[in-house]
Amino acid sequence: MVLAGLERPSAGRVELAGQDLAALDEDGLARLRRHHVGIVFQSFHLIPTMNALENVAIPLELAGDRGALAMAAAALERVGLGHRLTHYPGQLSGGEQQRVAIARAFAAGPQLLLADEPTGNLDGETGRTVMDRLFAEHARLGTALLLITHDAALAARCEREIVLADGRIVEERQAAPRRRAL
């Protein structure tokens, strides 16, 4: 929440994309997020009166992207929801809603994706499917990914793992470099 500029730090300084977040007003923070950050929340935060396509397109439209609907449709197709464009959140399963949220977060090609407990409201199998889609988009775009989770198996999929306890770093692990198939 602090890194996204949604909360102010109680101490210290936070810099994102070369900008000191404390120096920005709410509009400046919103612009910074729009251009550099995608966020996937545990509780999806979809607009219930908008269908999947509109939920993904809205931040693109607000940013002035003329091809917002086409970009949103392509993003939904990449997360396996090309056949659910006109469905409203209430007509989608929890896993489908989270995939809409992932498509929305990645649609504008952010440099940083923040994912806060993205599988917390999902059953195990659905959570794995959602995370496969999230990691695929992360790899496709080369986006930095900061994933917050209590799921040790999910954390182990990351390149670097930092374990916090009572607000302090208690452990840090670096994954072995992954070999790419030729």
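Residue numbers start at 1 and run along the sequence shown. Because only heavy atoms are used, hydrogens play no part in the values below, and waters and symmetry mates are left out as well, while side chains stay in.
When atom types are taken as modelled, the side chain of Arg33 and the backbone of Ala4 share a donor-acceptor pair closer than 3.5 angstrom. With hydrogens and angles disregarded, no donor-acceptor distance shorter than 3.5 Å links the side chain of Asp65 to the backbone of Glu61. Distance alone, capped at 3.5 Å, places no donor-acceptor pair between the Gln98 side chain and the Gly95 backbone. Under a 3.5 Å cut-off, the side chain of Arg8 and the backbone N or O of Leu21 do form a donor-acceptor pair. Side chain of Gln97 to backbone of Pro89: a donor-acceptor contact under 3.5 angstrom is found. Asn55 places a side-chain N or O within 3.5 Å of a backbone atom of Ile47 that can act as its donor or acceptor partner. Within the 3.5 Å criterion, the main-chain N or O of Pro110 finds a donor-acceptor partner in the side chain of Thr143. A side-chain donor-acceptor contact under 3.5 Å links Asp151 to the backbone of Ala153. At distances below 3.5 Å, at least one donor-acceptor pair connects side-chain atoms of Asp123 with backbone N or O atoms of Thr126.
More than 12 heavy-atom neighbours from other residues, nucleotides or ligands sit within 6.0 angstrom of CG on Leu164.
Atom-to-atom distance recorded for Glu15:CD and Leu3:CG is 11.5 Å, nearest 0.5 angstrom.
In this view, Arg140 and Glu137 satisfy the salt bridge (charged side-chain N to carboxylate O under 4.0 Å, His left out) rule, not counting sequence neighbours. Residues passing the salt bridge (charged side-chain N to carboxylate O under 4.0 Å, His left out) test with Arg128, sequence neighbours excluded: Glu125.
Counting side-chain heavy-atom gaps under 4.5 Å among Ile, Leu, Val, Met, Phe, Trp and Tyr, the cluster of Leu122 also holds Val40, Phe44, Leu46, Leu53, Val56, Leu69, Leu76, Val79, Leu81, Leu85, Leu92, Val100, Ile102, Phe106, Leu113, Val130, Met131, Leu134, Phe135, Leu141, Leu145, Leu147, Leu154.
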